[in-house]
There are 2 protein chains.
Amino acid sequence: MDHSVLSAPPAIDRIIIDAILAGRISAGTRLGEQSLATLFATSRTSVREALIRLEARGIVHISPRRGWFVIEPSWEEAQEAFQARCAIEMDILRTVATVPSATIAALRDHIRQERAAIAGDDVGLRSYLLGDFHVCMVEALGNRILADILRDLTARTVLISALYQSTHDATESCNEHQQIVDDLAAGDLDRAAALMVAHIGNVEAGLTKRIDTDPLFDLRQALRIEPTRAGTNPPR
Amino acid sequence: MDHSVLSAPPAIDRIIIDAILAGRISAGTRLGEQSLATLFATSRTSVREALIRLEARGIVHISPRRGWFVIEPSWEEAQEAFQARCAIEMDILRTVATVPSATIAALRDHIRQERAAIAGDDVGLRSYLLGDFHVCMVEALGNRILADILRDLTARTVLISALYQSTHDATESCNEHQQIVDDLAAGDLDRAAALMVAHIGNVEAGLTKRIDTDPLFDLRQALRIEPTRAGTNPPR
DNA sequence: GGCAAGCGTCTTGCATACAAGCTTGTTAGA
DNA sequence: TCTAACAAGCTTGTATGCAAGACGCTTGCC
């Protein structure tokens, strides 16, 4: 959450990503160029560039001449995202040779922050830290490329969790993080990898599948309209 | 190489990526906005958007007020890229349940094209197909997200191969692809995964490390200047 | 001869203007 | 009353203009 190093320019895309990671922006949210330009006191050009960057990273998508929207991953895409995370995090834990003690210390400190956020009432910070743990771990373990990829996947995962009403508990997640770091510190990398797979599996298992082929799902449910009526299974 | 489906707009970034994949653009190449705009008969705006997309995908980078350049991965980044590829391709092979016969057929056809390109003299097409095989495989095996990620990694890898003077033979690569598909067809996924890891390892082993911390390496070598002279180890 | 300051040219950074298309509200007609 | 065509407003798509900075050359000085 702290990008205040060396008077870093608070990039627009960074702010949007952070908001997504904190759960303040949910899937399907519309992001108007002019609105954002006004908000950030800049021109549409800069905003547009930021949105293009986010599109390339798979965070938003554009509907031509209609607007920018935060992605709404389908159930299949959600599963693919989780598989991708599994692949990356499992591999990094299995491949790494030794874990410097400084890395362990940093991760433990991160977990401390997680606990503090969970104890507090800042839901956004909690969501952010819980996701950021994985990114920090991969980066600390020495692969920046995978860390960058995982960062985007984490944003996707946060959106997915909100979209498919994750029931996984924050405290539980944090405990699992703790165990992984413990195994890492003990040098038992295989067990750490196995725990990581289980952890990600737990989060994924907490999702509830819904009829994602129906773009009117939310509205239909809110209005209590039976799917037997007209408008069922419209083209996506 | 064929993006002629439904009169698809030949996007600028796509063309640039294809050129990189074919080895026609090498690491460090400067990509001027105005030059590209003239070449594509469009304005700088569109070019700039394409370059921003490529930047987000890690293919080019920008030096403020100086210009856009194709990335020149360091030796460490090269290793990270290969590790990332390994992670993804190994995982997809280990995770997939069953491989449809249509998929096998498509991959075999792809290999046929590879052989044809190797027999012919189109070095660009050869390079493109050899890299594209992996992307096609992951996509055919059902994970679009990983396929997209791998596509970018493949571009990186092609640049790396040229930069670090890969000695790996095209025919050899193609044979290894063949073996992998054979194992896939036989249902021996574990062996396919192992072969894939070996295959990627072979390519990586064919690279020759060079002093990549020295931005003057090429010039220095061309001029036969000993590193003991002035200008050694300049700041990056 | 060597060095440094100054200037010109070329590049990107950013903002703005206008064109094109989608959405929605309105109105005319059956 | 319902349908369909039309029009207005708002959104993105694209181009252009100007400002700011970097590089390379020239010029002047020591």
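What you see is a predicted model, and the numbers here were worked out from it, not measured in a lab. Throughout, a chain's letter reflects where its sequence line sits, starting with A, and its residues are numbered from 1.
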B/Arg66 side chain near D/dC23 phosphate (N/O to OP1/OP2, under 4.0 Å): yes
Spacing of B/Ile12 atom CD1 relative to D/dG13 atom P, expressed in whole Å: 14 Å
Closest-nucleotide ordering on DNA chain C, the 5'-leading residue of A/Pro64 and B/Glu33: B/Glu33
Spacing between A/His61 atom NE2 and D/dT12 atom P, to the nearest angstrom: 13 Å
All side-chain contact (heavy atoms from CB on, under 4.5 Å) counterparts of A/Glu80, not counting sequence neighbours: B/Asn143, B/Arg144, B/Ile145
Determine all donor-acceptor pairs shorter than 3.5 Å in which one atom belongs to a side chain in residues 146-156 of chain A; sequence neighbours excluded.
| unit_1 | atom_1 | unit_2 | atom_2 | d |
| --- | --- | --- | --- | --- |
| A/Asp152 | OD1 | A/Arg57 | NE | 2.9 |
| A/Asp152 | OD1 | A/Arg57 | NH2 | 2.7 |
| A/Thr154 | OG1 | A/Leu150 | O | 2.8 |

Contact check, side chains of B/Phe69 and B/His61, non-hydrogen atoms, under 4.5 Å: yes
Contact check, side chains of A/Leu163 and A/Pro73, non-hydrogen atoms, under 4.5 Å: yes
A/Tyr128 and its side-chain contact (heavy atoms from CB on, under 4.5 Å) partner, picked from A/Asp122, A/Leu21, A/Val158, A/Val123: A/Leu21
Ring pair (Phe, Tyr, Trp, His ring centres under 6.0 Å) involving A/His199 - partner list, sequence neighbours excluded: A/His134, A/His177
Within-4.5 Å side-chain heavy-atom neighbours: A/Leu129 and A/Ile118: no
Range on DNA chain C touched by chain A, heavy atoms, distance below 4.0 Å: C/dA15 to C/dT23
Under 3.5 Å, which protein N or O atoms sit close to an N or O of nucleotides 14-20 of chain D? Give each pair with its distance.
| unit_1 | atom_1 | unit_2 | atom_2 | d |
| --- | --- | --- | --- | --- |
| D/dA15 | OP2 | B/Thr42 | OG1 | 2.9 |
| D/dA15 | OP2 | B/Ser43 | N | 3.2 |
| D/dA15 | OP2 | B/Ser43 | OG | 2.7 |
| D/dA15 | OP2 | B/Ser46 | OG | 3.3 |
| D/dA15 | N7 | B/Thr45 | OG1 | 2.8 |
| D/dA20 | N3 | B/Arg65 | NH1 | 3.1 |

Selection residues 36-47 of chain A - residue pairs positive for salt bridge (charged side-chain N to carboxylate O under 4.0 Å, His left out), sequence neighbours left out: A/Glu33-A/Arg44
